[in-house]
Amino acid sequence: MKDNTNNSSSVSDDSHNAEDHGSDDEEAEPLVLEVDGSTTTSSTRGYALKRRPLVQFLGIYVLILLPMAGIGLSTVLLVGHATTSQKKNSSTTTSASASATEPPATMNDNKKPVTLSTGVAHWDAAFLVAMAEVSENIMANGNFMAGAGWTQLWTRDTSYAVQLGLALLYPQVSQVTLEACTQPHDDKDGHQHTLDSNILGTTTWLQDVCGHFNGWPYLSDAIVGAQGAWSLFLATGNTTFLEWAYNMTRSTLTWAELEVYDNTTGLFRGCSSFMESNSAYPTEYRFSGPKVGATKALSTNVLYYNGYTLAAQMEQVLHPGKKDKTNSQQLQTKAKHLRKAIRSRLWLEDHGYYAYYEEANGTLHPKMEGLGESLLLLAPNLESNQTRIRRLFESVHRTPHGIPCLWPQFDLHREKPKDYASYYHNGRIWPFVQGYWALAAARHKQVDVFQQELDSLVGLAMNSAPMETDTTGTQDQPTFAEFYQLDGTYMWKRRRQLWSSAGYLGMILHGLFGMELQVDGILFRPVVPAQSTNTTSTTEEQVMTLENLRYRRALLTLHITGHGTVVDTFAINGKPQDKPFLAADAVGHQKIEMVLKQDG
């Protein structure tokens, strides 16, 4: 089971990789939104709620397939921010809560369901499953939890899930959860105590811990909270929350600079983000936090690059008229230096991708890290060399079911079938990593790679079965599991994971429909592959629609005709626009129509 001993917050902060000897029988029952009018109301949340297992939940919806009439499979689900205006922030652990200023009421009074119709039946069905599972991962206290088997939350799970898609779909639940992902630094801070006077008395993003390597400073990816927070600000425009997040980010950067920054290499030490188990490292690293903590991982360093970059942007948004630009300039300079160190020290020319990590002695470990490569390709201005970008997409290994978390695998003889912690980071397929890889492909207009990952994840979620060695499963059902074996099977106890569902939702929102959230609005950069053979549409033109999606004070209907990556025409409420962009101050219903054409 997870190690719950090292907790500096009211929120459990251990990570997904201690040996699992426990039972999931005491898993907290999730709360699911109803839409049939026969709901009960929870006094703790302000949601109209009723408890139901996933199969019953899906049973209340009708999936209509009318291929003969040219109508695609539509998926309908009430999004989590539909009635959250009454929800209280009862779970935050910091005194500097950002919830005092609520977003406008119009953000939360949308009682219409979000609908998706792509003309591709399995894409639409997977959207329904993903949304249902996210709603099941909302606890009675208003927080997200990580998923089945994990009644807690983690900074990285939360932040990745929020960035991938939940910032738009569940803004208030995302905010409450992020606000809980913090830790104070004081004399009573036992397991993560620091003696540095520059840190004592501050509050930082919460560092997750694990059973195999412990926590800080061996795990040092707490800065991941900045990514989720920035994404949430872009979705809501809440500057009160942004100021709070800026303070968390700055103090976390200071903490890391003092304790895990390596002046010799210019890189940050610490375990790879989320890969914190014995199964993710050579045998000599087994249960050795200090040895793992002496490495410099690709993913963790990209997170710190993003931390500097985003902190600088936060500073500029919060103080637009400030004449003294010293703070933002210093942050940008640090980001520039870290970028140089990553690109010069971690690139493997013979392999065509970036190394998993650098050893303490400077040797590069030659394996490929799925999350790290993806985050690097998405990080703004980190990799600008088009030759390297091309080689990354050519060289990164992909299995028939999608990108693995690392490759090649370590010696399989050390794996124990009944001990998932002995293998689950060893080249397995994690849907949230697939989400980031697909978005990296979309960003760089690698349409074939994007479609492969999209279809791979849909296939896993909709068609996979529990592993033969997993005796806890009671039924087969579609699910976005924590990870999948290379044969496509999954652990029943690790079904319905928050960041896994978010990985797919991100593919739809930010990949297929190309929603690139910016400070002043949304830039649309859709990536629509040529129509699948599984389409239910009989029309010549490929048509996709996403309806009733909230963005700040607007209610969006997105309509795409055609396929490709180039927006040929773009209209808002029937009026042609010069560029595919919706301003952040848009209010009310906004019907956005895009016609695509192929690049070149």
Side-chain angles (χ1 to χ4, degrees), residues 16-17 20 22-25 27 30 32 52-59 61 63 65 73 75 120-137 146-150 279 370 398-405 407 409 412 415-435 437-438 452-505 507 532-534:
H16 304 189
N17 38 40
D20 185 8
S23 170
D24 295 304
D25 294 339
E27 176 188 333
V32 183
R52 288 194 179 189
L54 179 61
V55 171
Q56 288 177 284
F57 182 89
L58 292 173
Y61 297 95
L63 304 181
L65 282 171
L73 182 150
T75 62
V120 184
H122 57 295
W123 292 359
D124 295 332
F127 181 82
L128 173 62
V129 173
M131 290 295 293
E133 293 196 327
V134 170
S135 71
E136 284 198 285
N137 285 325
W150 312 125
S279 66
R398 300 195 299 278
T399 76
H401 290 295
I403 187 173
C405 60
W407 202 266
Q409 293 176 298
L412 299 179
E415 298 184 353
K416 302 176 182 178
K418 293 186 177 180
D419 176 15
Y420 82 103
S422 72
Y423 62 76
Y424 76 147
H425 286 133
N426 189 16
R428 269 44 175 199
I429 301 166
W430 290 67
F432 92 95
V433 176
Q434 290 182 278
W437 178 248
Q452 180 185 16
E453 212 61 40
L454 176 67
D455 285 333
S456 293
L457 180 52
V458 170
L460 289 170
M462 303 305 290
N463 302 319
S464 294
M467 294 181 293
E468 291 183 4
T469 57
D470 186 356
T471 59
T472 61
T474 58
Q475 56 189 315
D476 291 351
Q477 68 180 47
T479 189
F480 287 88
E482 182 177 35
F483 68 96
Y484 294 87
Q485 297 279 29
L486 296 184
D487 64 2
T489 58
Y490 67 93
M491 286 186 63
W492 172 258
K493 291 194 298 183
R494 298 295 175 255
R495 67 196 181 281
R496 202 194 77 230
Q497 299 296 303
L498 183 74
W499 57 0
S500 299
S501 299
Y504 179 67
L505 296 172
M507 292 181 180
S532 167
T533 55
N534 292 323

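The first residue of the sequence shown is numbered 1, and numbering continues consecutively from there.
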**Message:** Test side chain to side chain contact (heavy atoms under 4.5 Å, CB included) on Q434 and Y504; report intermediate values, then the result.
**Reply:** CA-CA 8 Å; Q434 290 182 278; Y504 179 67; over 6 Å; no
**Request:** Go through H425 and F483 one step at a time and tell me if the side chain to side chain contact (heavy atoms under 4.5 Å, CB included) criterion holds.
**Result:** CA-CA 9 Å; H425 286 133; F483 68 96; over 6 Å; no
**Prompt:** Does the pair L486 and Q409 meet the rule for a side chain to side chain contact (heavy atoms under 4.5 Å, CB included), with working shown?
**Reply:** CA-CA 11 Å; L486 296 184; Q409 293 176 298; 3.9 Å; yes
**Item:** Stepwise side chain to side chain contact (heavy atoms under 4.5 Å, CB included) test for Y420 and M491
**Value:** CA-CA 9 Å; Y420 82 103; M491 286 186 63; 3.4 Å; yes
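Panel note: side chain E133, backbone F480; a donor-acceptor pair is recorded below 3.5 Å. Looking only at distances, no side-chain donor or acceptor of D419 sits under 3.5 Å from a matching main-chain atom of E415. Using modelled atom types, one side-chain atom of N137 and one backbone atom of R496 make a donor-acceptor pair closer than 3.5 Å. Not a single donor-acceptor pair under 3.5 Å links the side chain of S500 to the backbone N or O of P431.
Using a 4.5 Å heavy-atom threshold, the side chains of W492 and Q477 count as touching. Residues D455 and W123 have side chains in contact (heavy-atom distance under 4.5 Å, counting atoms from C-beta outward). L457 has its side chain out of reach of I429: every pair of non-hydrogen atoms, C-beta onward, lies at least 4.5 Å apart. Between Y490 and E482, every side-chain heavy-atom pair lies at or beyond the 4.5 Å cut-off.
In terms of the side-chain hydrogen bond (donor to acceptor under 3.5 Å, both in side chains) criterion, residue partners of S279 (sequence neighbours excluded) are, by chain and number, S277. Listed by chain and number, the residues in a ring-ring contact (aromatic ring centres under 6.0 Å, His included) with F432 are Y160, F274, W499 (sequence neighbours excluded). For Q485, the side chain to side chain contact (heavy atoms under 4.5 Å, CB included) test picks out Y423, R428, M467, D487, T489, with sequence neighbours left out. Partners of N463 by side chain to side chain contact (heavy atoms under 4.5 Å, CB included), not counting sequence neighbours: none found.
The shortest heavy-atom contact between K416 and S422 is N-OG, 2.8 Å. Summarising the geometry of Y484 relative to G488, their closest heavy-atom pair is CD2-O, 3.5 Å, with the distance given to 0.1 Å. G149 and R494 get closest at one heavy-atom pair: CA-NH1, 3.6 Å. Scanning all heavy atoms of the two residues, the minimum distance from L460 to S464 falls at O-OG, 2.8 Å. Listed here is the closest heavy atom pair of I403 and G370: CD1-CA, 4.0 Å. Closest approach of Q497 and A481 over heavy atoms only: CG-C, 3.8 Å.
Relative to the six-membered ring of W407, R398 misses at least one condition, a distance below 6.0 Å or an angle of at most 45° to the axis.
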